[in-house]
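Beneath this line is the structure, given in structure tokens, with notes to follow.
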Amino acid sequence: QVQLVESGGGLVQAGGSLRLSCAASGRTFSTYAMGWFRQAPGKEREFVGAISWTGVITYYADSVKGRFTISRDNAKNTVYLQMNSLKSEDTAVYYCAGSQHSGSYYLRSTYDYWGQGTQVTVSS
């Protein structure tokens, strides 16, 4: 069993930056691919980005490409989401997720474990 806890959310002005963290329990974190998703009010949870278990390969949704960066520190059991040039449409609850098996990185069903989410609000 793996537990994921997100932190770092908050209120920021448009154009600003935030860094989200996702701390994982468990010894096998380094073997998990990790993803970030977000859910705005009244909308479906959507893929933001993902990172391979090695940290070498990353994927991003087109809406955040060039603005967001995912990284991980397996020694600290933590994955990060650096968000720059934030826009009002980035406002959502952000979730991290972990996957032990192969699958389409952008699908929620690929992921076995989810955090509780952290709120990001971007004011215009």
Side-chain angles (χ1 to χ4, degrees):
Q1 186 76 8
V2 172
Q3 291 186 324
L4 304 174
V5 179
E6 302 95 336
S7 61
L11 174 64
V12 63
Q13 289 188 331
S17 299
L18 279 176
R19 188 176 81 156
L20 306 184
S21 299
C22 173
S25 64
R27 301 177 183 176
T28 58
F29 170 78
S30 62
T31 66
Y32 284 66
M34 299 296 295
W36 285 97
F37 288 74
R38 66 186 182 186
Q39 187 167 16
K43 294 188 176 182
E44 294 286 320
R45 191 172 300 187
E46 65 175 5
F47 171 75
V48 173
I51 187 167
S52 64
W53 67 274
T54 62
V56 172
I57 302 172
T58 54
Y59 308 92
Y60 298 96
D62 288 343
S63 58
V64 307
K65 202 171 293 183
R67 300 187 298 122
F68 290 12
T69 303
I70 296 175
S71 61
R72 67 189 297 162
D73 185 339
N74 287 341
K76 295 182 178 180
N77 279 12
T78 302
V79 63
Y80 304 97
L81 180 66
Q82 177 67 45
M83 305 185 294
N84 298 329
S85 302
L86 283 161
K87 307 175 181 179
S88 57
E89 52 262 45
D90 294 319
T91 294
V93 177
Y94 283 71
Y95 299 88
C96 69
S99 175
Q100 279 186 295
H101 58 274
S102 60
S104 299
Y105 53 87
Y106 55 88
L107 294 179
R108 286 177 288 173
S109 59
T110 296
Y111 297 88
D112 307 291
Y113 303 102
W114 292 83
Q116 83 290 346
T118 185
Q119 176 71 47
V120 171
T121 303
V122 184
S123 63
S124 56

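One is the number of the first residue; the rest follow in order along the sequence.
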task: With Arg108 as the cation and Phe37 as the aromatic partner, state whether NZ or CZ is under 6.0 Å from the six-membered ring centre and within 45° of the axis.
output: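 No, Arg108 does not lie over the aromatic ring of Phe37.
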
field: Row check, Phe29 ring normal vs Arg72 NZ/CZ: under 6.0 Å, within 45°
entry: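 Cation-pi check for Arg72 and Phe29: passes.
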
Checking [X] side chain against [Y] main chain: does a donor-acceptor pair fall under 3.5 Å?
X: Tyr113; Y: Cys96; answer: no
X: Gln116; Y: Val5; answer: no
X: Ser99; Y: Thr110; answer: yes
X: Gln82; Y: Arg19; answer: no

Straight-line distance of [X] [atom1] to [Y] [atom2], nearest 0.5 Å:
X: Tyr59; Y: Ile70; atom1: OH; atom2: CD1; value: 11.0 Å
X: Ser123; Y: Gln13; atom1: OG; atom2: CD; value: 5.0 Å
X: Ser30; Y: Asp73; atom1: OG; atom2: CG; value: 11.0 Å
X: Leu86; Y: Ser124; atom1: CG; atom2: OG; value: 12.5 Å
X: Ser71; Y: Leu81; atom1: OG; atom2: CG; value: 8.5 Å

Which heavy atom in [X] sits nearest to a heavy atom in [Y], and how many Å separate them?
X: Leu4; Y: Ala24; answer: CD2-CB, 3.5 Å
X: Ser21; Y: Thr78; answer: CB-CG2, 4.2 Å
X: Ser17; Y: Ser85; answer: OG-N, 4.3 Å

Cluster check [X], [Y]: I/L/V/M/F/W/Y, side chain < 4.5 angstrom:
X: Tyr105; Y: Tyr32; result: no
X: Met34; Y: Leu18; result: yes
X: Tyr106; Y: Tyr95; result: yes
X: Tyr111; Y: Tyr94; result: no
X: Ile51; Y: Trp114; result: no

Contact check, side chains of [X] and [Y], non-hydrogen atoms, under 4.5 Å:
X: Val79; Y: Trp36; value: yes
X: Met83; Y: Leu20; value: yes
X: Arg38; Y: Asp90; value: yes
X: Thr91; Y: Gln119; value: yes

field: Counterpart residues, salt bridge (Lys or Arg N to Asp or Glu O under 4.0 Å), relative to Lys43 (two or more places apart)
entry: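 Scan of Lys43 (salt bridge (Lys or Arg N to Asp or Glu O under 4.0 Å), adjacent residues dropped) gives none.
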
field: Heavy atoms of other groups near Gln3 CD, more than 12 under 6.0 Å
entry: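 At most 12 heavy atoms, drawn from other residues, nucleotides or ligands, come within 6.0 Å of this atom.
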
field: Contacts of type side chain to side chain contact (heavy atoms under 4.5 Å, CB included), residue Ala61, not counting sequence neighbours
entry: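 Phe47, Ser63, Val64.
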
